[in-house]
Enquirer: 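Once you've had a glance at the structure underneath, I'll fire off some questions.
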Amino acid sequence: MNLKDYLSQKLNQALTELDLPSVDFQLAPTKNPQFGDLSTNLALILAKQAKQNPIELANKLKSELDLDNSFVREVSVTPPGFINFTFSNHYLFEALNDVLNKGVDYGKSDMGTGQSANVEFVSANPTGPLTVGHGRQSVLGDTVGNILQWHGYNVTREYYYNDAGRQMRILGQSVAARYFQELGKDIALPEDGYQGSYIKDIAKSIIVDQGQELTKESPLFRELAEKTIFSDIRESLKQIGIVHDQFTNEKTFYESGAIDDIVESLKKKDLVYESEGASWFRTTALGKEQDRVLIKSSGEPTYRLPDIAYHRNKLDRKFDLVVDIFGADHQDTYPDVLSALEALDYDVSSIRVLIHQFVTLIRSGEVVKMSTRKANFVTLDELTNLVGKDVVRYFFIMRGMNSHLNFDLDLAQDQSEKNPVYYLQYAHARIVNILKHGEHLDFKYSTDFNAERLTHDSELTLLKSIGEFPDIMAMALKSLEPQLIANYLHGLAGHFHRFYSDCRVITDDKELSQARLALIFGAKTVIANGLSILGVNAPDRM
RNA sequence: GCGCCCGUAGCUCAGUUGGAUAGAGCGCUUGCCUCCGGAGCAAGAGGUCACAGGUUCGAAUCCUGUCGGGCGUACCA
């Protein structure tokens with residue numbers, strides 16, 4: 001039984017009894033234990049329209065409530081008019097039993113059961129290695145996928161790329177230039193060429209594998225560069241536990257005729273016109289500031305057009321939920337894609353777009369402007385090799401996606417030794433160790449224990465925290481903001497560490513020891529479940 | 001110029017439908033292992049929540065303006 005639901009039901013009943021209007025109120029955990037565990041602002045909100053003093057109103061509501069005291073031990077009213085509820089210990093013990101019974105499933109819901117979701121993320125074109133900038137989106141997308149799976153969604157992780165555009169053409173030319181340079185010919189990099197040393201490596205391996213007779217126009221330069229770089233990208237992702245289920249190439253939408261079809265359909269709606277040799281999308285007719293080019297005067301579509309085709313394709317695949325993870329640089333473009341689809345009579349309500357801000361890289365106290373083309377970047381691999389998968393994942397997920405975070409490379413290693421992720425992992429390892437220690441002394445964790453023996457503040461605080469996990473996961477599903485989980489776990493680990501220093505688990509008091517073993521087993525379960533959603537290891541030893 | 005995001009402790013950042021005394025880590029000061037792991041715990045110093053107005057019983061949170069930063073504002077993606 002969810003206590004929140006129970007209480008809001010009871011409060012609504014009280015409103016009816018008192019002939020008061022029903023209103024949207026809050027029922028939230030308190031920050032300060034002196035106000036109990038849950039508190040509501042109901043009386044405060046109602047005071048004005050009921051034309052009553054909020055405290056008097058709160059007291060009336062309080063006396064109208066008929067609460068089961070096996071759930072709620074105490075109800076109080078505090079200024080300026082909050083009604084506060086304190087859990088009964090019995091309720092907390094029920095929550096603990098719930099964790100122990102459900103184990104690895106504790107905190108799951110069936111809100112997504114039977115539904116499919118597509119999460120598109122990374123989607124970097126294979127022009128160079130992934131950078132720490134890509135790391136943020138990679139971890140964010142994968143974790144959002146985990147959250148959806150946790151609630152029962154059948155999740156497809158998708159990577160969308162374009163191997164036929166301008167970027168890739170320049171990539172091929174860059175490799176060709178290095179190839180001929182290696183062979184002693186004086187051919188300059190193209191003006192916007194890729195300057196990274198990986199281009200030379202690719203050129204060298206082409207000399208080894210394909211010989212020295214390739215012509216400047218050979219498609220092999222671009223094709224082999226793509227193949228090599230893509231395999232590096234996949235490996236970089238794999239290093240931090242990320243595997244995509246599907247790779248979708250923009251090119252397929254040209255070949256299938258989808259691109260032409262989009263243009264034709266938009267033309268029929270009079271949303272496309274020709275001007276200065278280009279085809280324009282009449283977005284002003286859809287309430288936008290300015291029209292946008294769909295097909296350049298060169299005959300090449302802009303990225304917008306295949307994006308529309310791609311999203312139509314995703315809608316045609318009938319996912320119940322389509323999540324796009326974009327960097328802040330795409331902020332302006334997805335609304336056009338959505339309006340195009342709406343203009344084509346598609347329902348876009350299943351599309352959720354998550355925009356994340358960029359990582360600012362700082363090296364030697366200076367901001368580094370990252371550019372793949374100019375080879376001014378720190379790769380994701382370098383970071384992973386430096387601090388390891390768990391730190392990389394936790395570092396990128398512990399901050400909100402809207403924060404413009406600064407990443408100081410010089411501090412990365414230093415900070416990694418103090419990284420908050422170890423705080424969580426250490427709590428887990430500590431618990432495992434206590435359980436082992438207990439078994440050694442013939443104290444074995446069992447679901448048969450007397451919860452009434454848990455009376456210490458540290459025990460009850462830990463217990464409450466454990467019980468909040470399902471709520472946190474429901475919030476994470478609603479907001480798709482993984483840092484909620486990281487914040488919660490940090491708090492939970494803190495409650496455990498405090499409990500640990502206040503209370504000894506294995507003692508001469510067998511009954512108490514059994515109860516505490518059950519408590520820490522519950523804590524371990526939640527930490528492990530939470531970390532698994534973040535894609536972070538929960539080690540038995542560190 | 002216009003649009004989106006942001007401005008919270010020395011530094012990096014939490015603070016989620018507006019709630020009670022604004023938090024954590026790092027760094028700094030000081031205590032705590034004969035005892036389940038000290039990668040921990042406890043305590044201290046450190047704040048005009050950029051600034052100015054407004055809404056409200058109540059604002060870091062919502063609104064307006066100013067200042068500062070990031071990203072867009074391409075026939076790049």
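Computed from a predicted structure; not experimentally measured. Naming: A, B, ... by sequence-line order, numbering from 1 per chain.
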Enquirer: Does a side-chain N or O from Tyr500(A) land closer than 4.0 Å to OP1 or OP2 of G38(B), or not?
Expert: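 For Tyr500(A), the contact criterion (side-chain N or O under 4.0 Å from OP1 or OP2 of G38(B)) is met.
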Enquirer: Ignoring the backbone of Phe82(A), work out which of G19(B), G38(B), C41(B) is nearest its side chain.
Expert: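 For Phe82(A), the side-chain atoms sit closest to G19(B).
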Enquirer: Measure CG/Asn53(A) against P/C57(B) and give the value in whole Å, please.
Expert: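 Asn53(A) atom CG is separated from C57(B) atom P by 13 Å.
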Enquirer: Measuring only the C1' atom in each nucleotide, how far is C2(B) from G58(B)? A whole number of Å is fine.
Expert: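 Per the computed distance, 35 Å lies between those C1' atoms.
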Enquirer: Excluding sequence neighbours, so at least two apart, what forms salt bridge (charged side-chain N to carboxylate O under 4.0 Å, His left out) with Asp291(A)?
Expert: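 Partners of Asp291(A) under the salt bridge (charged side-chain N to carboxylate O under 4.0 Å, His left out) test: none.
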Enquirer: Which donor-acceptor pairs under 3.5 Å do side chains of residues 124-135 of chain A form with protein atoms, sequence neighbours excluded?
Expert:
| unit_1 | atom_1 | unit_2 | atom_2 | d |
| --- | --- | --- | --- | --- |
| Asn125(A) | OD1 | Asn162(A) | N | 2.8 |
| Asn125(A) | ND2 | Gln167(A) | OE1 | 3.3 |
| Thr131(A) | OG1 | Gly133(A) | N | 3.1 |
| Thr131(A) | OG1 | His134(A) | N | 3.4 |
| Thr131(A) | OG1 | His134(A) | ND1 | 3.3 |
| His134(A) | ND1 | Thr131(A) | N | 2.9 |

Enquirer: Between G19(B) and U61(B), how far is it from one C1' atom to the other, in whole Å?
Expert: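 Comparing C1' positions in G19(B) and U61(B) gives a spacing of 11 Å.
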Enquirer: Using a 6.0 Å distance limit plus a 45 degree cone around the ring axis, check whether Lys251(A) lies over the aromatic ring of Tyr254(A).
Expert: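 Not satisfied by the 6.0 Å and 45° rule.
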Enquirer: It should be established whether Lys31(A) places a side-chain nitrogen or oxygen under 4.0 Å from OP1 or OP2 of nucleotide A20(B).
Expert: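 For A20(B), OP1/OP2 do have a side-chain N/O of Lys31(A) under 4.0 Å.
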Enquirer: Without hydrogens or angle criteria, can the side chains of Thr302(A) and Lys296(A) be said to hold a donor-acceptor pair below 3.5 Å?
Expert: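 The criterion, which ignores hydrogens and geometry beyond distance, is not satisfied for Lys296(A) and Thr302(A).
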Enquirer: Does a nitrogen or oxygen in the side chain of Ser39(A) sit under 4.0 Å from OP1 or OP2 of G19(B)?
Expert: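 Checking Ser39(A) against G19(B): no side-chain N or O falls below 4.0 Å of OP1 or OP2.
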Enquirer: Would you say that more than 12 heavy atoms from the other residues, nucleotides or ligands in this model lie under 6.0 Å from the CD of Glu274(A), or not?
Expert: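 Yes, enclosed.
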Enquirer: State plainly whether the residues Asp540(A) and Lys436(A) are in salt-bridge range, i.e. N to O under 4.0 Å.
Expert: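 Looking at Asp540(A) and Lys436(A), the cut-off is not met.
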Enquirer: Would you measure the distance from the P atom in G65(B) across to the matching atom in U29(B) and give it in whole Å?
Expert: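 Going atom to atom, P in each nucleotide, I get 47 Å.
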Enquirer: Between Tyr423(A) and C41(B), is there a contact of a side-chain N or O with OP1 or OP2 at under 4.0 Å?
Expert: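 For C41(B), OP1 or OP2 has a side-chain N or O of Tyr423(A) closer than 4.0 Å.
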Enquirer: Without decimals, in angstroms, what is the distance between Phe496(A) CZ and A39(B) P?
Expert: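 Nearest whole value for this atom pair: 13 Å.
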Enquirer: Kindly indicate whether a cation-pi arrangement holds for Arg136(A) with Phe358(A), taking the cut-offs as under 6.0 Å to the six-membered ring centre and within 45° of the axis.
Expert: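 Not flagged: Arg136(A) not positioned over aromatic ring of Phe358(A).
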Enquirer: Suppose you measure atom P in G47(B) against the same atom in C57(B); what distance do you get, rounded to whole Å?
Expert: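 Nearest-Å result for G47(B) against C57(B) at atom P: 32 Å.
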Enquirer: Counting heavy atoms from C-beta on, name the nucleotide in A20(B), U16(B), C36(B) closest to the side chain of His437(A).
Expert: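 Selected nucleotide: C36(B).
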Enquirer: Out of A20(B), A39(B), G15(B), which has the shortest distance to the side chain of Gln483(A)?
Expert: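 The answer is G15(B).
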Enquirer: Do we see a donor-acceptor contact under 3.5 Å between the side chains of Glu158(A) and Tyr310(A)?
Expert: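 On atom types as modelled, these side chains qualify, holding a pair under 3.5 Å.
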Enquirer: Would you measure the distance from the C1' atom in C49(B) across to the matching atom in A14(B) and give it in whole Å?
Expert: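 So the two C1' atoms sit 13 Å from each other.
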Enquirer: Could you pull out all residues at least two apart from Arg516(A) that satisfy salt bridge (charged side-chain N to carboxylate O under 4.0 Å, His left out)?
Expert: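 With sequence neighbours excluded, Arg516(A) shows a salt bridge (charged side-chain N to carboxylate O under 4.0 Å, His left out) to Glu459(A), given in chain and number order.
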Enquirer: Asn32(A) side chain N/O closer than 4.0 Å to the phosphate oxygens (OP1, OP2) of U21(B)?
Expert: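 So the side chain of Asn32(A) is outside the cut-off, no N or O lying under 4.0 Å from OP1 or OP2 of U21(B).
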Enquirer: Expressed as a whole number of Å, how far does the C1' atom of G10(B) sit from that of G27(B)?
Expert: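 Pairwise C1' distance, G10(B) against G27(B), rounds to 8 Å.
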Enquirer: Taking both distances under 3.5 Å as the test for a Watson-Crick or G-U pair, what stems of at least three pairs does RNA chain B have?
Expert: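 If one scans RNA chain B for consecutive Watson-Crick or G-U pairs, the stems found are B:1-7 with B:67-73, B:10-13 with B:23-26, B:28-32 with B:40-44, B:50-54 with B:62-66.
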Enquirer: Taking only residues two or more places apart in sequence or in another chain, which ones pass salt bridge (charged side-chain N to carboxylate O under 4.0 Å, His left out) with Lys60(A)?
Expert: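 Lys60(A) satisfies salt bridge (charged side-chain N to carboxylate O under 4.0 Å, His left out) with no residue once adjacent residues are dropped.
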Enquirer: Which letter, B, S or -, goes with each nucleotide of nucleotides 70-77 of chain B from 5' to 3', with contact meaning a protein heavy atom under 4.0 Å?
Expert: BSSSSBSB
Enquirer: Is C33(B) syn or anti, taking syn as a glycosidic angle within 90° of 0?
Expert: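 Glycosidic conformation of C33(B): syn.
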Enquirer: Of all the nucleotides listed (G19(B), G40(B), A20(B)), which has the minimum atom distance to the side chain of Asn84(A)?
Expert: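 Taking heavy atoms from C-beta onward, the closest nucleotide is A20(B).
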